[in-house]
Amino acid sequence: MALSLRAWRLILLVTFLLVPLANYLPILLYVPQDQFTDGTDTRVDAAGYAFSIWGVIFTGMILFAALQLRVAAADEHLRRAYRFLVVAGLASIAFVPISFGSNYLWGAVDLLWHLLALIGAYTALRAHVRVAGRPQYGWTYFAPSLYLGWISAATVISLALALQQVGVDFPPDTAVWIATALVVVLTLLGVFLGGRSDGFYGFTVAWALVAIAVEQRDAAPIFWAGLAGAGVLAIQGIFRLVGQRPFFYATWPGSRSA
């Protein structure tokens, strides 16, 4: 294996070993963190339990990175995915000091950094699958999909908080309808990528939509839009799981069509 390739794989693994350490160490040391949940409320806030998905994402990314060390070869698409994922991991580490305060603007910048890096990684992974076919340890590709799905929703929340911090505020009724529109946009993103053989992305967005609906149950349009969107994505994913259409692009035979 070329040194540069092995070096990137080791950097990727070390980065995602450091990510959960950086995120959970303040909790273990009883260092107070704002975590962007206590200072300001928005109409796209999600219920706190939903953030437990980070544990699944971090574990999945460590598995993905560790097993990449065993992959026989890599094309330029896979190398590019490694680089983008390292950038996303660094964004997660950088979020920790930001979370000690209530600067939602910096939080939004960090989430956009996450989102752009994950879009780059996701695009590169799909390009790799189109070229290589069914990849080695393709089942571990679920982790970048979960990561992108959750960050897609978290970016919406973070941008809403940042707008409030800089003084952009809307009348209550307007805020409800804007949030409802954002829920619809998230649903459409889930349907689009779920329909392109990524059920993991679709299920992650469904998880986020349920959490938003639960948190915003006092606003009927958001509540029902969130539940409806989650239901649509769940049904789409279940039909793909039990039917003949591919559920996940990286594990389905004939993945070159992904």
Side-chain angles (χ1 to χ4, degrees), residues 16 19-20 44-65 67 81 85 88 92 111 114-115 117-119 121-126 129 134-135 137-158 179-180 182-217 222-253 255 257-258:
F16 280 98
V19 164
V44 287
D45 280 346
Y49 73 83
F51 293 88
S52 61
I53 196 173
W54 277 121
V56 180
I57 292 170
F58 291 158
T59 302
M61 288 306 305
I62 291 170
L63 281 172
F64 173 86
L67 290 176
L85 287 172
S92 183
L111 266 292
H114 260 103
L115 183 64
L118 288 170
I119 289 172
Y122 185 79
T123 302
L125 288 174
R126 293 196 72 125
V129 171
R134 193 172 181 177
Y137 306 107
W139 63 272
T140 64
Y141 286 34
F142 82 89
S145 289
L146 292 184
Y147 203 173
L148 177 59
W150 183 247
I151 289 296
S152 298
T155 301
V156 172
I157 298 171
S158 188
T180 302
L182 291 173
V183 165
V184 172
V185 170
L186 281 174
T187 300
L188 292 175
L189 283 172
V191 169
F192 175 70
L193 286 182
R196 295 191 70 234
S197 307
D198 196 342
F200 287 111
Y201 181 94
F203 279 156
T204 305
V205 173
W207 172 267
L209 291 175
V210 169
I212 291 172
V214 169
E215 187 71 7
Q216 306 300 328
R217 55 189 177 275
I222 304 173
F223 177 76
W224 290 112
L227 289 187
V232 167
L233 293 172
I235 291 169
Q236 181 187 50
I238 291 168
F239 269 112
R240 284 183 169 268
L241 277 173
V242 301
Q244 295 300 311
R245 303 185 70 183
F247 175 78
F248 190 52
Y249 72 95
T251 57
W252 193 263
S255 295
S257 63

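Proximity of a side-chain donor or acceptor of Arg240 to a complementary backbone N or O of Gly237 within less than 3.5 Å is not detected.
Qualifying ring pair (Phe, Tyr, Trp, His ring centres under 6.0 Å) partners for Phe223, counting only residues two or more places apart in sequence or in other chains: none.
Side-chain contact between Thr251 and Phe142: absent, with no pair of heavy atoms (C-beta onward) separated by less than 4.5 Å. Considering only heavy atoms from C-beta on, Trp207 comes within 4.5 Å of Ser52 through its side chain. Within the 4.5 Å cutoff, the side chain of Leu209 has heavy atoms near those of the Leu233 side chain. Thr187 places none of its side-chain heavy atoms less than 4.5 Å from the side chain of Val205. Using a 4.5 Å heavy-atom threshold, the side chains of Asp198 and Arg126 count as touching. A 4.5 Å side-chain heavy-atom check between Leu111 and Leu115 finds every atom pair outside the cut-off. Using a 4.5 Å heavy-atom threshold, the side chains of Ile212 and Glu215 count as separate.
Counted within 6.0 Å of CZ on Phe239, heavy atoms from surrounding residues, nucleotides or ligands total 12 or fewer; the atom is thus considered open.
Expressed to the nearest 0.5 Å, how far CZ of Phe16 lies from OH of Tyr147 amounts to 5.0 Å. Between Ile151 atom CD1 and Leu148 atom CG the span is 8.5 Å, to the nearest 0.5 Å. Residue Thr155 holds its OG1 atom at 9.5 Å from CG of Leu186, rounded to the nearest 0.5 Å. Here the CG-CZ distance, from Leu146 to Phe64, works out to 12.5 Å after rounding to the nearest 0.5 Å. To the nearest 0.5 angstrom, Leu63 atom CG is 11.5 Å from Tyr137 atom OH.
Nearest heavy atom pair, residue Ala88 against residue Leu118, reads CB-CD2, 3.8 Å. When all heavy atoms of Met61 and Leu85 are compared, the closest pair comes out as CE-CD2, 3.9 Å. Nearest heavy-atom pair, Ala211 versus Ala50, reported as atom, atom and distance to 0.1 Å: CB-CB, 3.3 Å. In terms of heavy atoms, Tyr141 sits closest to Ala250 at CD2-CB, 3.7 Å. The two residues Gly138 and Phe248 come nearest to each other via the heavy atoms O-CE2, 3.7 Å. Heavy atoms only, all atoms of each residue included: Leu67 and Thr140 are closest at CD1-CG2, 3.6 Å.
The aromatic rings of Trp54 and His114 lie tilted to each other, with the angle between the two planes from 30° to 60°.
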What do the steps show when you test Phe51 against Trp150 for ring-ring contact (aromatic ring centres under 6.0 Å, His included), and what is the final call? CA-CA 9 Å; Phe51 293 88; Trp150 183 247; 5.4 Å; yes

Does the ring-ring contact (aromatic ring centres under 6.0 Å, His included) test come out yes or no for Trp139 and Phe200, once each step is laid out? CA-CA 11 Å; Trp139 63 272; Phe200 287 111; over 10 Å; no

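Under the 3.5 Å distance criterion, with hydrogens and angles disregarded, a donor-acceptor pair is assigned to the side chains of Ser152 and Tyr201.
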